[in-house]
J.: 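Mind looking over this structure? Questions follow.
Heavy-atom basis, side chains included; hydrogens, waters and symmetry copies ignored. Computed from a predicted model, the values in this text were never measured in an experiment.
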Amino acid sequence: MIQIPENAPFAPGERENVEKLLSGLSPEQRVWLSGHLAPSGPVATPVASSRPLTILYGTESGNCEELAAKSASVAKKRGFKAKIRNMAEVSVGDLAGIENLLVIVSTWGEGDPPETAETFHKEFMAADFRLEKTKFSVCALGDTSYEDFCEIGKQVDRKLDELGATRLVDRQDCDVDFDDDHGAWLEKVLVSLGEASSNGAAAPAPVAQPTVEYGKKNPFPSEILEKVLLNGEGTKKETWHLEMNLEGSGLVYEAGDSLGLIAYNAPDMVESVLVATGFDGATEVTLKSGATVSLGEALKSSLDITALSRAVAKKYAALNGSEKLAELLGDDNKEAFRDYVEGRQIVDLFEDFPVGKATAEEVAKILRPLPPRLYSIASSPNANPGEVHLTIAAVRYDSQGKSRKGVASTCVADLVSEGDAMSVFIQPNKRFRLPASAETPVIMVGPGTGIAPFRAFIEERGEQESAGKSWLFFGDQHYMYDFLYQLELQEHMKSGALTRLDVAFSRDQPEKVYVQDRMREKAADLYTWLESGAHFYVCGDANRMAGDVHEALLDIVSEHGGKSREDAEAFVEQLKKDGRYQRDVY
């Protein structure tokens, strides 16, 4: 509950009433109200303006960086001298002497730190100094569809406590829909810091924000200008090129950024859930957001009905009272639950453990909001003004005896056409950028849809004068069917926007050949490019490809640089720190 300082100009009963009112408001409502009540004339400089606040973030997709910037902006308006620091750019020793520390960090995949924060995380978890003078709080970002939800934030929170730092407020764990949770956490932290201030000065109210703009909280309805299947007849792949209109949106992006796509669940997926639960799609339900809609509409547009996680299963078990499910969720059965979840979706949970007496609204409230999908932008804004392009592979597969499909990718493939609109927003990715100098050479490794940001890079280089050398490694299954953007790439070779192109089509010969194999074949030249200052980029599958490419890079540096394995690893790590080795993997 929000607490107002005792020196505020309210009688005790008035202060209690105001506290109750404010505690019931969302972060957005509090910002609006504070701006509405703010004086129209000049606001006096707060006495507590010298209070330092360091906001440390570790990010994979850019969300934590965005939240760190928002936190700093709000904190400055509340009288703090706030600064943000990236884990990729600080050492563990820099924590010594920090008085007030907020940490915003995400967890990548199954309990891993963000790639840019790997070194900091490793050093920090091994640290043995003391931080008794530091006050802290942690905001952890994660995804409840993974078992190790917010694991890195939990580790950092525990370690700060072990090092003797004082916790300001409890850690906030945020799912993919993190804005409200982050806002509530930040409010509690700033109130706590304000109460701890020695001068007891009341913090000034934040200034109301200008007219609503398009973004994640208010996505832009973008018309689909063109939708083209990139694969040839006879392929097993299904890759779509999408061109979307941004005119009038005010949205801007750079090559390397991502586009957030607000998709919806397919009718057959919704119907399967209704059949499994026995609920009527016309039944009205009130969602956690407060909106009242039909269950069918909620399952289509608002709720995640695919990702089966331990968190959802636990909430469901509490509803339907299944002893068998409760046993499966027991702490001593974690491996059995992992086996059960593998290849299954939420509909399987409903089928295997009937809803019993649970109501439609109760079941709807245990499901998390349908998250947006992020796709690497496949266009340069300078080459395609007013447009944004995507390269999307439709995900279809069989598991547990059923046909499955990806939500957003098959929404694009099956449910929308040219002239239709999809809601979108820009997700900046400042850690995946072309070099500041257009003359710096670049090496790009992007098999399959991993070519998307490199199509943008190459287009951008084509728009720049005196562009440096560029080298693309592209791979897929078959040359005849799966050479994405082949004609475009050949034109870029002719124009000079692309200097070198090496391809690997894994199924065109008995022995499978991948992009990392092509890298090894061109190892001497690749190392020469690195020695001359080239930046190295990788985009695509994180599970296998990215690791295989990384190993190939280490081997190349070791062999052609005359380095030991340890020295090669140090060389590649320095490339990362210098921003010359960047990855956009998923």
J.: Between Arg396 and Arg404, is any pair of side-chain heavy atoms under 4.5 Å apart?
T.: no
J.: Would you tell me whether Asn384 and Glu459 have side-chain atoms, one donor and one acceptor, within less than 3.5 Å of each other?
T.: yes
J.: Contact between Glu226 and Leu242 at the side-chain level, heavy atoms closer than 4.5 Å - yes or no?
T.: no
J.: Fit a plane to each ring of Phe454 and Phe432, take the angle between them on a 0 to 90° scale, and name the class: parallel (under 30°), tilted (30 to 60°) or perpendicular (over 60°).
T.: tilted
J.: Is Leu160 close to Val103 at the side-chain level, that is, under 4.5 Å between some pair of heavy atoms?
T.: yes
J.: What I want to check is whether the side chains of Glu531 and Trp529 have a donor and an acceptor closer together than 3.5 Å.
T.: no
J.: Can we say Arg338 and Glu342 salt-bridge, meaning some charged N sits less than 4.0 Å from an Asp/Glu carboxylate O?
T.: no
J.: Whether the Thr235 and Asp482 side chains hold a donor-acceptor pair (N or O, under 3.5 Å, no angle test) is what I'd like checked.
T.: yes
J.: Taking all non-hydrogen atoms of both residues into account, name the closest pair between Phe149 and Gly142 and its distance.
T.: CE1-C, 3.6 Å
J.: Which heavy atom of Pro114 sits nearest to which heavy atom of Thr59, and what is that distance?
T.: CB-O, 3.3 Å
J.: Can you pull the ring-ring contact (aromatic ring centres under 6.0 Å, His included) pairs that have at least one residue in residues 565-586, sequence neighbours excluded?
T.: Phe536-Tyr581, His550-Tyr581
J.: Hey, are Arg158 and Glu151 close enough for a salt bridge, meaning a charged N less than 4.0 Å from a carboxylate O?
T.: yes
J.: Should the pair Arg368-Asp177 be classified as a salt bridge under the 4.0 Å nitrogen-to-oxygen rule?
T.: no
J.: Check whether the side chains of Glu460 and Asn382 place a donor and an acceptor atom closer than 3.5 Å, and report yes or no.
T.: yes
J.: Please check if any side-chain donor atom of Thr391 sits under 3.5 Å from a side-chain acceptor atom of Tyr375, or the reverse.
T.: no
J.: Parallel, tilted or perpendicular: which one describes the rings of Phe337 and Tyr340, with boundaries at 30° and 60°?
T.: tilted
J.: For residues Gln486 and Tyr479, is any side-chain donor paired with an opposing acceptor at under 3.5 Å?
T.: yes
J.: If you take all heavy atoms of Phe425 and Pro372, which pair is closest and at what distance?
T.: CE2-CB, 3.8 Å
J.: When the aromatic ring centroids of Tyr537 and Phe457 are compared, is their separation below 6.0 Å?
T.: yes
J.: With a 4.5 Å heavy-atom cut-off, do Leu229 and Thr239 have their side chains touching?
T.: no
J.: Would you tell me whether Thr306 and Asp304 have side-chain atoms, one donor and one acceptor, within less than 3.5 Å of each other?
T.: yes
J.: Step by step, work out the side-chain contact (heavy atoms from CB on, under 4.5 Å) result for Leu141 and Leu67.
T.: CA-CA 10 Å; Leu141 268 62; Leu67 292 183; 3.8 Å; yes
J.: Taking all heavy atoms of Asp175 and all of Asp143, pick out the closest pair and write down the distance.
T.: OD1-CA, 3.4 Å
J.: Are Asp502 and Arg518 ion-paired here, with the side-chain N under 4.0 Å from a carboxylate O?
T.: no
J.: Salt bridge check: are Glu573 and Lys577 linked by an N-O gap of less than 4.0 Å?
T.: no
J.: Quick test of your reading of the model: are Glu147 and Lys334 salt-bridged, counting only N-O distances below 4.0 Å?
T.: no
J.: Let's go through Leu225 and Glu418 carefully: what are the C-alpha distance in whole Å and the side-chain angles of both, what is the deciding distance for side-chain contact (heavy atoms from CB on, under 4.5 Å) to 0.1 Å, and is it a yes or a no?
T.: CA-CA 6 Å; Leu225 302 174; Glu418 293 178 4; over 6 Å; no
J.: Phe124 and Leu95: side-chain contact (heavy atoms from CB on, under 4.5 Å), yes or no, with the steps?
T.: CA-CA 10 Å; Phe124 178 65; Leu95 298 182; 3.6 Å; yes
J.: A side-chain contact here means heavy atoms from C-beta on lying under 4.5 Å apart; do Tyr57 and Val105 qualify?
T.: no
J.: Verify the distance criterion only: is there a donor paired with an acceptor across the side chains of Gln490 and His492 at less than 3.5 Å?
T.: no
